[in-house]
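To keep things clear, I will list the structure first and then write my remarks on it.
Throughout, protein chains are lettered first and strands after them, A, B, ... in sequence-line order, and every chain is numbered starting at 1.
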2 protein chains.
Amino acid sequence: MRKTVHDVADAAGVSVSTVSRALTGGSVSPATRETVMAAAERLGYRPNRTARGLITGRTGNYGLIVPDLRNPFFADIAKGVTARARAVDCGVFITDTDEDVAAELEALATLGRNTDGVLLCSPRATDAELLEAADPDTTVLVHRQVPGMLSIAADIAAGTRQAIDHLRALGHRRIAFLAGPDDSWAGRQRLAALAEYADGGGAEILRFGSVSPTFEGGVLAGDLVLASPATAVLAYNDLVAMGLLHRLAARGAAVPERISVVGYDDISLAAMSHPPLTTVAVPKDKAGAAALELLLRRAGGAGKPATAVRDREVTLPTGLVVRASSGVVPA
Amino acid sequence: MRKTVHDVADAAGVSVSTVSRALTGGSVSPATRETVMAAAERLGYRPNRTARGLITGRTGNYGLIVPDLRNPFFADIAKGVTARARAVDCGVFITDTDEDVAAELEALATLGRNTDGVLLCSPRATDAELLEAADPDTTVLVHRQVPGMLSIAADIAAGTRQAIDHLRALGHRRIAFLAGPDDSWAGRQRLAALAEYADGGGAEILRFGSVSPTFEGGVLAGDLVLASPATAVLAYNDLVAMGLLHRLAARGAAVPERISVVGYDDISLAAMSHPPLTTVAVPKDKAGAAALELLLRRAGGAGKPATAVRDREVTLPTGLVVRASSGVVPA
DNA sequence: CCTACTCTTGGAAACGTATCCACAGAATTT
DNA sequence: AAATTCTGTGGATACGTTTCCAAGAGTAGG
């Protein structure tokens with residue numbers, strides 16, 4: 001039924017070892033390579049990854065663990081990973097943990113045993129939990145940093161400053177910040193960046209929250225913000241910003257005339273909101289692809305993991321996307 | 001480094017075949033089973049799933065192919081599949097084909113070879129392409145039907161009728177339908193259902209399109225609809241409906257006072273639109289889980305595939321979710 | 001007491017692939 | 001012309017597991 005190297009070997013009139021070499025880039029004469037390739041094509045031969053994995057010790061598969069695929073942020077990351085994987089012809093297991101840290105660690109153990117490496121989006125597990133559960137050489141953190149572990153992260157502090165500076169340039173002096181979950185790594189980064197403005201940095205930051213990092217969280221925050229003297233809001237992320245826009249519209253507060261709103265992440269919905277959302281763009285699919293790349297390089301190269309910290313902890317730049325939800329401060 | 005059955009066999013003083021039997025539930029004396037289990041536990045032995053897969057022919061892994069993970073519709077399906085997979089402890093490869101049919105068929109071939117079965121979301125490939133590329137016993141179509149193939153689909157025609165009947169009950173007599181891609185299976189189902197209303201069925205259906213099944217497609221359709229005598233619109237899907245809402249708002253057309261809008265799919269964004277969208281709910285995560293279940297039953301049961309058509313082509317019900325975007329016809 | 005049968009166990013084969021090793025012939029050098 | 005290196009190829013082996021087969025030890029029945 002299924003074709004094997006033996007079938008190809010018979011069809012091409014060569015031995016199985018020659019077939020294997022021809023297909024995996026070994027030393028073969030151009031003529032026989034041609035013959036073998038043609039035979040393989042004609043028979044519709046596909047190498048059996050399981051068998052290959054058994055002999056090489058590598059499965060060619062990788063794992064991706066995300067808290068929620070429904071969240072566009074993680075969907076984008078997954079998309080980046082799978083796109084890169086498709087290009088290099090390796091498989092990727094995806095596990096959605098439903099925001100459950102225990103399930104996350106469990107998946108980490110399972111996937112760690114059955115793959116060549118795993119990409120982990122874990123905003124909420126503790127550093128200690130991750131250090132204990134993950135193999136530091138075959139696990140890469142996506143959009144999070146833990147000392148000693150491989151990671152790809154965006155420069156969240158810089159993005160936060162970009163957003164605040166944008167609002168300040170528009171004349172805003174009282175800016176509300178809608179904080180997300182306390183235990184989120186990205187959330188702590190944002191707060192650290194905002195601390196710079198705390199003591200006479202030219203803008204007063206009014207902190208609200210923690211709010212749930214969802215549309216509903218934003219809806220809830222809308223009334224809080226309107227009751228405050230803030231003329232602009234930096235939301236924890238785009239979903240929160242969209243909930244906020246929703247509530248502001250319902251309360252009759254014009255955006256950006258009465259109040260400006262800036263989101264974070266630049267998920268695809270951000271351009272579809274009403275009004276279109278000014279937001280901090282963070283690389284998502286690019287981060288996913290880069291994370292996989294980190295593992296692939298390690299596997300491809302002599303197997304020695306990068307030692308320098310700058311090779312183990314990659315930081316990607318953020319950028320502000322100005323749309324219609326931010327404007328000059330009301331007179 | 002890693003322990004194998006041989007290590008366990010040595011430690012327990014038995015042969016490898018006995019170890020294998022003891023661990024996989026074969027016929028072994030209680031005493032030796034106890035000994036083997038203890039030795040395995042002590043050595044921290046974990047079976048190599050790759051090797052097991054090679055001999056048994058089953059990997060315990062499944063594949064899921066989607067056109068675009070960024071599309072919430074497919075993200076929901078993926079979520080349903082992974083949730084079920086996590087419960088039964090099997091792995092799922094996810095491939096995003098970026099709406100490319102060729103990549104889809106390629107992925108189908110690759111995954112078909114390396115998994116126990118694949119779940120395929122393919123709105124655009126032709127029946128013939130699918131029949132040729134897919135193993136009819138280990139491939140299940142999600143939200144599409146092709147004669148002779150396993151499938152899980154929603155009753156799209158019924159959903160379409162529910163939407164139209166809802167609008168008719170609100171007094172609408174001229175209803176615009178924003179058709180999607182011509183080559184889409186779901187699109188053809190919708191059109192077939194609408195045909196019932198064509199000849200004096202109590203409502204005049206004005207067809208527009210095909211529009212791109214995206215937010216942009218809806219934006220584009222907004223002006224067309226306003227220039228027509230229609231008082232209500234059934235959009236191809238929720239994304240189109242949201243683009244439509246966006247454009248209608250920009251043009252100053254009140255929804256639902258001036259015109260009613262109904263979407264299709266009930267993606268999570270539908271509740272977040274402005275106004276919240278009335279839409280046809282189709283099971284997504286449930287469909288994903290059911291599709292995986294179909295394959296699991298086949299693998300678990302005596303391996304004989306279901307023969308009756310009703311077991312091979314599962315249809316799930318749809319339902320109308322009434323929110324704020326639909327209202328009575330203007331006077 | 002011998003046969004027939006069950007139960008348990010070990011040896012060996014098999015799954016499909018990659019790679020080591022040996023070997024033949026060509027190509028190159030001495 | 002002989003000796004050496006290089007190139008391409010086939011055969012055999014190994015990866016870790018499951019499973020088939022045969023054989024041994026009991027056990028029950030005639």
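Distances shorter than 4.0 Å separate some side-chain N or O of B:T32 from OP1 or OP2 on C:dT9. Taking only side-chain nitrogens and oxygens, B:R113 comes nearer than 4.0 Å to OP1 or OP2 of C:dT17. The phosphate of C:dT19 has neither OP1 nor OP2 within less than 4.0 Å of any side-chain N or O from A:S20.
Counting only heavy atoms from C-beta on, B:L54 has its side chain closest to C:dG16 among C:dT9, C:dG16, D:dT18. Considering only the side chain of A:R52, C:dT17 comes nearest among C:dT17, D:dT17, D:dT9. Comparing D:dG11, D:dT9, C:dG16 by their nearest atom to the side chain of A:S17 picks out D:dG11. Set against D:dG10, C:dG10, C:dT17, the side chain of A:V14 has D:dG10 as its closest nucleotide. Here the side chain of B:S29 is nearest to one of C:dA18, D:dC20, C:dT8, namely C:dT8. Checking C:dT17, D:dG16, D:dT18 against the side-chain heavy atoms of B:T56 singles out D:dT18 as nearest. For A:T18, the listed nucleotide lying nearest its side chain is D:dT9; candidates were C:dT19, D:dG16, D:dT9.
Under the 3.5 Å distance criterion, the side-chain polar atoms of B:S151 are left unmatched by any main-chain donor or acceptor of B:A153. Judged by distance alone, the side chain of B:R124 and the main-chain N or O of B:S184 form no donor-acceptor pair under 3.5 Å. The backbone N or O of A:K284 sits nowhere less than 3.5 Å from a side-chain atom of A:K79 that would complete a donor-acceptor pair.
Note on A:V16: nothing from the nucleic acid sits closer than 4.0 angstrom, heavy atoms only. B:T4 comes within 4.0 angstrom of the backbone, heavy atoms only, and of no base. A:T24 comes within 4.0 angstrom of sugar-phosphate atoms only, judged by non-hydrogen atoms across all strands, and of no base. At a threshold of 4.0 angstrom between heavy atoms, the contacts of A:R21 include nucleobase atoms, whether or not backbone atoms are also involved. B:S27 comes within 4.0 angstrom of a base, heavy atoms only.
For the pair B:A51 and B:P30, both in contact range of DNA chain C, the more 5′-proximal nearest nucleotide belongs to B:P30.
A search for ring-ring contact (aromatic ring centres under 6.0 Å, His included) contacts involving B:F73 returns B:H143, not counting sequence neighbours.
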